[in-house]
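Data first, discussion second: the structure below is written as structure tokens.
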Amino acid sequence: MKSLFEGLEFKSLISRIPSARGPVGLYPRPMSSLDAAGTRRGAPAPATPRDAASLATLNVTEELDKQVTLILQKMSTTGIIVDLQFLKGLSKDWSKKLQDIEQQIYSIIGHQVNLNSPKQLQVVLFDELKLPVVRKTKTGRSTDEDTLRELAPSHPMIPLLLQYRQLFKLVSTYVDALPRFVGSDGRVHSTFNVEGAATGRLSSQNPNLQNIPVKGEMGGEIRKAFVAPIGKILLAADYSQIELRILAHLAQDPGLIKAFNEGLDIHAATASKIFNVPVEKVTKEQRMVGKTMNFATLYGQGAHALARQLGVDYATAQKYIEEYFAQFPKVRVWKAEVLENAKRNGYVETLWGRKRYIPELSAANRQIQAFGERAAINHPVQGTAADMIKKAMVEIDKSLLNIVDRISGEKKTINDKRLTINGLYSMILQVHDELLFECIPDNVGEVGKMVKDKMENALKLSVPVLVDLKVGPNWGEMKALNH
DNA sequence: ACCCCACGCCAC
DNA sequence: AAACGTGGCGTGGGGT
Ligand SMILES: Nc1nc2c(ncn2[C@H]2C[C@H](O)[C@@H](COP(=O)(O)OP(=O)(O)OP(=O)(O)O)O2)c(=O)[nH]1
Ligand SMILES: [Mn+2]
Ligand SMILES: [Mn+2]
């Protein structure tokens, strides 16, 4: 669990409603952030004492989380197949590339160095090669990706180092690490934590299946290792622009509401403006930049950071931010209201009343206050999205059992530790606003329709909620599923 | 074998 | 580094 202001001297806690539920999974492994009782490390005291009545009665989100916990256990028990042979091939190819790059770098600088050690790298870059220090970390001179991009034209080893970093990350964190989690059934069984994030989002660990690479060709290659078993396919369902739709509802912003009623893609529209291309010509990569700008601006990014991130000058970044809030005027008003309430109550909450206490709001240090304010703005939006998909998961889990009962007279469910596991259609992953299922190809159209319906109607918003469906033989080759 | 921290970076 | 937010993990470096 992260502190709100990691870099600052004194640490505080993010208080939250206590709950008796901990992580869920087959293989606890090292329970890094939670103790055996599922209570939060570093937060020994309950955030809010419960009165006698609330000890016995779960509120809406507690009841929701209780039901979700059972589903998470099933997801963990089912697991997902990882193609070990495929990863072995990737490892071989990419490790050779890594060695090549490493040798090239050594011959350029004239000696060996541990390229994975930022400390050793600093000496090479800034002392030996005398490259300019772009920015500093707490303890020294930064060598992160942004820094290296700026330094790239100054020395031939930098582009190689960037390649090395990317490749090493993918190999060490995924290609070589995932096989260590594969059980004798050929599957990885991640642990999902129902209260993994302060906002109500889940988290996933051992391994984390919510941060599997997706960008670029190499990301797609890694996702190809997540496969459906013989005779089944994968079905994926991802909400469209979900937090912007929730924002539209919470802020009741006319610009956002109109856009969604007209079926517009706001991420693409933002990208169209940034890259000065017609919206229909926006590429996937450009849309991603638009998406990041939309959320970063909403959650308080400044013009300086935006300018750096987009590679534009400060004035242009300022203009983008102004235009954003001019386009969606009620967003500023809503943010001010949230902060006012937050400071009065000491907490913020989602549409469903999931509370997050933010003591930083009353901190003496202004910088800490500012961190608290940005968290306070984020929680109602990110947390409502979490409530929404959790509700959908509960409804979908019920419906799947009904569908199975109907289409097959024979018993296709397995009872395992009081969990009813469905052998035909299994929910196997949740990635914040996406659900992944393993299912027999029969009736995938009907199941997809049901999943889409449950997700789109889990919460009633004042704008349409849309879900994109995809199917494929593996997670790297998913194609749109129409009707 | 386990722990911590800093750095850096993957995803949503 | 920074006035986007929410996470988890691998490595290096140091320690028990
Ligand atoms: N603050 C912040 N939130 C993010 C960021 N990336 C993703 N999120 C949150 C907001 C998104 O609505 C939500 C789901 O991520 P997705 O990648 O599915 O994006 P989204 O649903 O907005 O667009 P989509 O139509 O699915 O491509 O996660 C980010 O960079 N910053
Ligand atoms: Mn989405
Ligand atoms: Mn998504």
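Residue numbers begin at 1 in each chain, while the letters A, B, ... track the order of the sequences.
In this structure, A:Arg366 reaches neither bases nor backbone, as no heavy-atom distance under 4.0 Å exists between it and the strands shown. Using a 4.0 Å heavy-atom distance criterion, A:Ala370 is classed as making no nucleic acid contact. A:Glu243 comes within contact range of no nucleotide atom at all, as no heavy-atom separation falls under 4.0 Å. Nucleic acid contact for A:Ser204: sugar-phosphate only, since backbone atoms but no base atoms lie under 4.0 Å from a heavy atom of the residue. A:Gln120 comes within contact range of the sugar-phosphate backbone alone, with a heavy-atom separation under 4.0 Å but no base atom that close.
Checking C:dT6, C:dG10, B:dC10 against the side-chain heavy atoms of A:Pro213 singles out B:dC10 as nearest. Taking every side-chain heavy atom of A:Asp433 into account, B:dC12 is the closest of B:dC7, B:dC12, C:dC4. Minimum atom distance to the side chain of A:Tyr174 is reached by B:dC10, of the listed B:dC12, C:dG5, B:dC10. Distances were taken from every side-chain heavy atom of A:Val431 (C-beta onward) to each of C:dC4, B:dC12, B:dC7; the shortest belongs to B:dC12. Comparing B:dC12, C:dG7, B:dG8 against the side chain of A:Ala198 picks out C:dG7 as the nearest. With C:dG12, C:dG7, C:dG5 as the choices, the nucleotide that has an atom nearest any side-chain atom of A:Phe371 turns out to be C:dG5. Residue A:Lys138 has its side chain nearest to B:dC7 when only B:dC7, C:dC4, C:dT11 are considered. Nearest to the side-chain atoms of A:Gln205 among the listed nucleotides C:dG10, C:dG5, C:dG8 stands C:dG8. Here the nucleotide nearest the side chain of A:Arg374, chosen from C:dA3, B:dA11, C:dA1, is C:dA3. Across C:dC9, C:dC4, C:dA1, the shortest atom-to-atom separation from the side chain of A:Asn208 is found for C:dC9.
One N or O donor and one acceptor, one from the side chain of A:Lys169 and one from the base of B:dC9, sit under 3.5 Å apart. Side-chain atoms of A:Arg165 and base atoms of B:dC9 include no donor and acceptor less than 3.5 Å apart.
An OP1 or OP2 oxygen of B:dC10 is reached within less than 4.0 angstrom by no side-chain nitrogen or oxygen of A:Thr173. Remark: A:Thr137 is not in phosphate contact with B:dA6, judged by side-chain N or O atoms under 4.0 Å from OP1 or OP2. In this structure, A:Thr143 reaches the B:dG8 phosphate: one of its side-chain N or O atoms is under 4.0 Å from OP1 or OP2. Residue A:Ser117 places at least one side-chain N or O closer than 4.0 Å to OP1 or OP2 of C:dG13.
Separating the P atom of C:dA1 from that of B:dG8 is a span of 6 Å, rounded to the nearest Å.
With a cut-off of 3.5 Å on both pairing distances, C:dC4 has no Watson-Crick or G-U wobble partner at all.
When each of A:Arg201 and A:Lys136 is assigned the nucleotide of DNA chain C with its nearest heavy atom, A:Lys136 is the one assigned upstream, toward the 5' end. With the nearest nucleotide of DNA chain C identified for both A:Lys119 and A:Asn378, A:Asn378 has the one nearer the 5' end.
Considering every non-hydrogen atom in both A:Gly353 and A:Glu349, the closest pair reads CA-OE1, 3.5 Å. When every heavy atom of A:Lys224 is checked against every heavy atom of A:Glu221, the shortest pair comes out as NZ-OE2, 2.8 Å.
Atom NZ of A:Lys470 has 12 or fewer neighbouring heavy atoms from other residues, nucleotides or ligands inside a 6.0 Å radius.
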List the steps, then state whether side-chain contact (heavy atoms from CB on, under 4.5 Å) holds for A:Met218 with A:Gln166. CA-CA 10 Å; A:Met218 290 193 284; A:Gln166 184 187 12; 3.4 Å; yes
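Separation of the A:Tyr324 and A:Tyr320 ring centroids does not fall under the 6.0 Å cut-off. Checked against the 6.0 Å centroid threshold, A:His267 and A:Phe295 count as a close aromatic pair.
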